[in-house]
Number of protein chains: 2
Amino acid sequence: MTIEPELCKVEDALGILVGKWKPIILLHLMKNGTQRFSELKRSVLGITQKMLTKQLRELEDEDIIERVVYPQVPPKVEYSITEYGKSLEPILAAMHEWGTNHTIHKQQKLMKKTTEQSS
Amino acid sequence: MTIEPELCKVEDALGILVGKWKPIILLHLMKNGTQRFSELKRSVLGITQKMLTKQLRELEDEDIIERVVYPQVPPKVEYSITEYGKSLEPILAAMHEWGTNHTIHKQQKLMKKTTEQSS
DNA sequence: CCGCATCCTAACTGATACTG
DNA sequence: CAGTATCAGTTAGGATGCGG
């Protein structure tokens, strides 16, 4: 590989995924397609309105998601992944796979430690 | 793709890369191999001893890097990527590539905006 | 040389109440 | 319904000094 650390753009990509709820919001939109604000709020368990709004704005600013407002009463706002945003899918998939494996790795490490102590 | 958001492990992987200096530390170790603490300190411009120590500990706790202490005076401590840690390389590479492209994407967006305003 | 401890600030996150 | 505003708690990051 050998990325020149001085020219590293990893942080730029990282910055977009970071935020306590961003990956899960993206996954919901990727899985279910267009979603209303309230649908997302229900889907992303535990998130507050304020946080959902904030994270959506940040993703929108990076062109990862699109926001469509229907001028009606009551208001209706729909969010969806942009074509550009879809380019993040392979990265999310890779991280999910690595993360899944890492969970196993940590469990094995823990079991080994426990075994050693009990012997 | 379709990762079940409820079973999402993206955050686990993300947590390991997050930290203002972790990606760059990893890239230095991946590029240059084993490095002493002081070498890393010199390489990672602007980092404080405290932060370098902290980030290295966190990476060590996840088995991404290995820490070898030589019991001598003055002390000598070497850090290197573990075999397991190398499995992160493809992800870093993918993120770097995406980040590089995203930088271009943002510049184009900015230029378009500027053009529209001047017209 | 390496790293810990302390103090400090800014940013992030959350609970809650209010508005068109 | 989809936000905004305010306040309070938590955490990340940085400056500095001490110690083996």
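These values consider heavy atoms only, across backbone and side chains, with no hydrogens, waters or symmetry-generated copies. Residue numbers start from 1 in every chain, and the chains themselves are labelled A, B, ... in the order their sequence lines are given, proteins ahead of strands. Only a predicted model underlies this, so the values are computations on that prediction, with no experimental measurement involved.
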- Going 5' to 3' along DNA chain D, which nucleotides are the first and last within contact of chain B (any atom under 4.0 Å from a heavy atom)?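 Footprint of chain B along DNA chain D, 5' to 3': dG13(D) to dG20(D).
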
- Using a 4.5 Å cut-off on heavy atoms from C-beta on, say whether the side chain of Glu89(B) contacts that of Ile81(B).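 Answer no - side chains too far apart.
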
- Item | Residue Gln72(B) excluded, over 12 heavy atoms near CD under 6.0 Å | yes

Rounded at 0.5 Å granularity, tell me how far [atom1] in [X] sits from [atom2] in [Y].
X	Y	atom1	atom2	result
Gln55(B)	Glu60(B)	CD	CD	13.5 Å
Ile3(B)	Lys31(A)	CD1	NZ	11.0 Å
Gln108(A)	Ile104(A)	CD	CD1	7.0 Å

- From the 5' end of DNA chain C to its 3' end, which nucleotides mark the outer limits of contact with chain B, defined by a 4.0 Å heavy-atom distance cut-off (strictly under)? dC1(C) to dT6(C)

- Pick base, sugar-phosphate or nothing for Pro74(B), based on heavy-atom distances below 4.0 Å to the nucleic acid.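 Answer is sugar-phosphate: Pro74(B) comes under 4.0 Å of backbone atoms only.
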
- Query: Across the strands shown, which category fits Tyr79(A) at heavy-atom distances under 4.0 angstrom: base, sugar-phosphate, nothing?
  - Reply: sugar-phosphate

- Using a heavy-atom distance cut-off of less than 4.0 Å, which residues of residues 10-48 of chain A contact DNA chain D?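 Those residues whose heavy atoms fall under 4.0 Å from DNA chain D, taken from residues 10-48 of chain A in numerical order, are Arg36(A), Phe37(A), Ser38(A).
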
- Message: Under a 3.5 Å distance rule, please check whether Ser87(B) uses its side chain to pair with a backbone N or O of Glu83(B) as donor and acceptor.
- Response: no

- Message: Test your reading of the model: is there a side-chain donor-acceptor pair from His96(B) to the backbone of Lys9(A), 3.5 Å cut-off?
- Response: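 Answer holds: yes.
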
- Residue closer to the 5' end of DNA chain C, Pro75(B) versus Gln49(A) (nearest nucleotide): Pro75(B)

- Nearest heavy-atom contact between Gly15(B) and Lys22(B) is O-NZ, 4.0 Å

- Message: Could you walk me through whether Glu62(B) and His102(A) satisfy the side chain to side chain donor-acceptor pair (under 3.5 Å) test, starting with their C-alpha distance in whole Å, then the side-chain angles of each, then the deciding distance to 0.1 Å, before giving a yes or no?
- Response: CA-CA 9 Å; Glu62(B) 301 290 347; His102(A) 189 61; 2.7 Å; yes

- Message: If hydrophobic clusters are built by linking Ile, Leu, Val, Met, Phe, Trp and Tyr wherever their side-chain heavy atoms come under 4.5 Å apart, do Phe37(A) and Val69(A) end up in the same one?
- Response: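 Yes, one cluster joins them.
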
